[in-house]
Amino acid sequence: MIDLKLLRENPAHFKEGARLKGVAVDIEHLLALDARRRALQTSRQALAAEQGQLEKVVGPQLGKLSGELKKAADEGARREIEGQIASLRGQPAALKAQVQALDEQERAIEPELTALLLTVPQPPDADVPRGEGPSDNIEAKRWAPAGWDWGKSFSENKGFPAQNHIDLCARLGLADFPRGVKMSGTRSYVLAGDGMLLHQAILRYALDFMVHRNGFKPMSVPVLVREECMVGTGFFPAGREQAYQIEESKRGGGSGSTGGSGHDLFLTGTGEVGLMGLHEGEILDESVLPLKYVTVSTCFRREAGAAGKDTAGLYRVHVFDKVEQVIIARADEAESRVWHREMIGYVEALLQSLGLPYRLLQCCTADLGVKNADMIDIECWMPGRGEFGETHSASRLYDYQCRRLNMRYRPGGEGGKGPTAICHSLNNTVAASPRLMIPILEMYQQADGTVKVPEVLRAYMGGKVQIG
RNA sequence: GGAGAGGUGGCAGAGCGGUUGAAUGCGUCAGACUUGAAAUCUGAUUAGGGUUUCGGCCCUACGGGAGUUCGAAUCUCCCCCUCUCCGCCA
């Protein structure tokens, strides 16, 4: 969520940002709603103050009068006092009605304003290249292990033609697609034998890599979360159709403590949701920043709108596992930029240790998504596809996500004074599998159809050197 | 699944119809004392928002929502959450 105050001060900046991202949002209307709400607020508050004053005066008088009423003997005095009470009661009541009327008007605006505000995208940073779509993304760097020549094809490099991972999986019994589909429908799979072991080896290696070499704190977080968590992390409302929804609200039942919940739950599409949700609504001590978290979690994606795309194999699936890194930092642009580079660096080191050719892709404005000020994708070379495939995505969000989550800290350290500040957040994939199995299987295949196990993974596969 | 208890400031914990944004303790910060520290004493210490002549002024919030009342942290209803006991169970 963007800062409404900044929007008021500089609407043009946000209009231009939305335009660059190709997001349609009526900012003029938002500003009008905001202005109207503030006008209502101002007059409401003035009336409420007056009402409060009056109540303080009238209250005790009422108490006194009702005491006198009890004691009053004759009918005449009684009626006199009752009249006074009635008129006293009428005074604040009239104001209260006015306040309520204004309240109602304000409440009528609120949902629309909030909904609109949530859809205003974070403007791209000035140094993000402008573009219309993925084709305008810019390759920023390319790396390959010794012996790999980008100028040559796979078979020229290796001396034999590449099989794609689907064939390799079938031949080596690493994955069973028909049975996956039988149980769970399209985009489902079963990993078997060494395929399952390789999958687990990747995840565990990546987790250890972040924990032991880069000082991240390993966490296990929920993958089944409430709507607020999805909205807070910025995946809703824009990506609502991508998430699986568990309709607990429709089950009813549930009395008291253990019973069913009245709220729907959602399966998360990335560990980022659970990690960022951890400190929702908290005011953190500045000394704990930056928080560096890593999780390995199962990710669920409906892949709505991707019908017919990448239907075969392990590339685009509904359920996968991912090691994800997240950093929650001080509100400082320069610091955010440094962490962004760091987080990309960790992944580069990981991929280099795996010997996988990759490139960094500077995403253009149109490809950033609503949350990001900047995003760098990392793509691994996938010989079976004959092209790069996205395996990582490193996002820099400034305070966009933390504002939604109401995640703050108090600058100035030492118990702190002064106003709170909203944290900055960043995230990046560490390893998503089975997708990362694709470049591994395809790059490590040998002429005889077997697959070498990357050296760094062998310890995680019981010392196995070769599959098949 | 059954039965009960409870959700108050950074934490613990009072308040149970008005002057309580909230006692008290702990923590934290500032000052005093001290060579320094500890101990002690004094003071400060919720957040969000509106408005501002930038000195302030004001509104909102005691899990969330609705209600009763002239007035609600306090009473009623619904929801969410936590805990205890029994049952079941990876």
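Given the structure is predicted, the values throughout are model-derived calculations rather than measurements.
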When every nucleotide of nucleotides 66-75 of chain B is labelled 5' to 3' by its protein contacts under 4.0 Å (heavy atoms), B for base, S for sugar-phosphate only, - for none, what sequence of letters results? S--BBS----
Under 3.5 Å side-chain donor-acceptor pair for Arg396(A) and Tyr398(A): yes
Length of the line joining Arg8(A):CZ and G49(B):P, which is rounded to integer Å: 10 Å
Tyr315(A) six-ring face occupied by Arg435(A) cation (under 6.0 Å, within 45°): yes
If you look at every strand shown and take non-hydrogen atoms under 4.0 Å, does Arg403(A) touch a base, only sugar-phosphate, or nothing? nothing
Got a second to check how far Cys169(A)'s SG is from Met437(A)'s CE, nearest 0.5 Å? 5.5 Å
To the nearest Å, give me how far apart CG (Leu47(A)) and P (U51(B)) are. 16 Å
What about Phe266(A) and Phe235(A), are their ring centers closer than 6.0 Å? no
Counting only Watson-Crick pairs (N1-N3 plus N6-O4 or O6-N4) and G-U wobbles (N1-O2, O6-N3), all under 3.5 Å, who is the partner of U19(B)? none
Find the distance Asp264(A):CG to C79(B):P and express it as a whole number of Å. 16 Å
Does the side chain of Ser43(A) get closer than 4.0 angstrom to OP1 or OP2 of G50(B) through an N or O atom? no
When rounded to the nearest Å, what value does the distance between C1' atoms of A14(B) and A3(B) take? 29 Å
Is Asp127(A) paired with Arg337(A) through a side-chain N to carboxylate O contact shorter than 4.0 Å? yes
Are the aromatic rings of Tyr346(A) and Phe216(A) close, with centres under 6.0 Å apart? yes
Leu117(A) atom CG is separated from G49(B) atom P, nearest whole Å, by 12 Å
For C81(B) and Arg226(A) - does any side-chain N or O of the residue sit under 4.0 Å from the phosphate oxygens OP1/OP2? yes
Distance, P atom - from U42(B) to U24(B), rounded to whole angstrom: 12 Å
Interatomic distance, Glu228(A) CD vs C79(B) P [rounded to whole Å]: 17 Å
Quote, to the nearest angstrom, the C1' distance that separates A22(B) from U46(B). 11 Å
Inter-nucleotide P distance (A23(B), A47(B)), Å rounded: 15 Å
Measure the shortest side-chain to side-chain distance between Lys322(A) and Thr429(A) over non-hydrogen atoms and say whether it is less than 4.5 angstrom. yes
Take atom CD of Gln41(A) and atom P of G49(B), then tell me their distance rounded to the nearest Å. 10 Å
Side chain of Thr42(A) only, please: which of G49(B), U51(B), C80(B) is the nearest? U51(B)
Please work out whether G31(B) sits syn or anti, treating a glycosidic angle within 90° of 0 as syn. anti
What's the CG-P distance between Leu102(A) and G50(B), to the nearest Å? 17 Å
Is the number of heavy atoms from other residues, nucleotides or ligands under 6.0 Å of Arg171(A) CZ greater than 12? no
Please name the nucleotide paired to U34(B) by Watson-Crick or G-U wobble geometry with both distances under 3.5 Å, or report none. none
Between the protein and nucleotides 59-61 of chain B, list every N/O to N/O distance that falls short of 3.5 Å.
{"from": "C59(B)", "atom 1": "O2'", "to": "Arg44(A)", "atom 2": "NH2", "distance (Å)": "2.9"}

Take atom P in G18(B) and the same atom in A72(B), then report the distance between them in whole Å. 11 Å
Between C16(B) and G2(B) - P atom distance, rounded Å: 35 Å
With distance as the sole criterion, is a donor-acceptor pair present between the side chains of Arg36(A) and Gln105(A) under 3.5 Å? yes
Considering only the C1' atoms, how many Å lie between G6(B) and U74(B), rounded to the nearest integer? 16 Å
Name the pairing partner of G9(B), where a pair is Watson-Crick or G-U wobble with both distances under 3.5 Å, or state none. none
To the nearest angstrom, how far is Arg36(A) atom CZ from G50(B) atom P? 17 Å
A72(B) pairs with which nucleotide, Watson-Crick or G-U wobble, both distances below 3.5 Å? none
Please state the P separation for the pair A32(B) and A37(B) - nearest whole angstrom. 11 Å
Near Arg458(A) CZ, under 6.0 Å, is it more than 12 heavy atoms from other residues, nucleotides or ligands? yes
Could you tell me the Watson-Crick or G-U partner of A3(B), where both distances fall under 3.5 Å? Say none if there is no partner. U84(B)
For Asp377(A) and Ser393(A), does a side-chain donor sit closer than 3.5 Å to a side-chain acceptor? yes
Partner nucleotide, any strand, of G43(B) [Watson-Crick/G-U, under 3.5 Å]: C29(B)
If you look only at distance, which donor and acceptor atoms sit under 3.5 Å apart when one is on a side chain in residues 276-283 of chain A and the other is two or more places apart or in another chain?
{"from": "His279(A)", "atom 1": "ND1", "to": "Glu282(A)", "atom 2": "OE1", "distance (Å)": "3.0"}
{"from": "His279(A)", "atom 1": "NE2", "to": "Tyr293(A)", "atom 2": "OH", "distance (Å)": "2.7"}

Please give the nucleotide sitting opposite A14(B) as a Watson-Crick or G-U wobble pair, both distances under 3.5 Å, or none. none
Check the phosphate of A47(B) against Arg408(A), side-chain N and O only, distance under 4.0 Å to OP1 or OP2. Yes or no? no
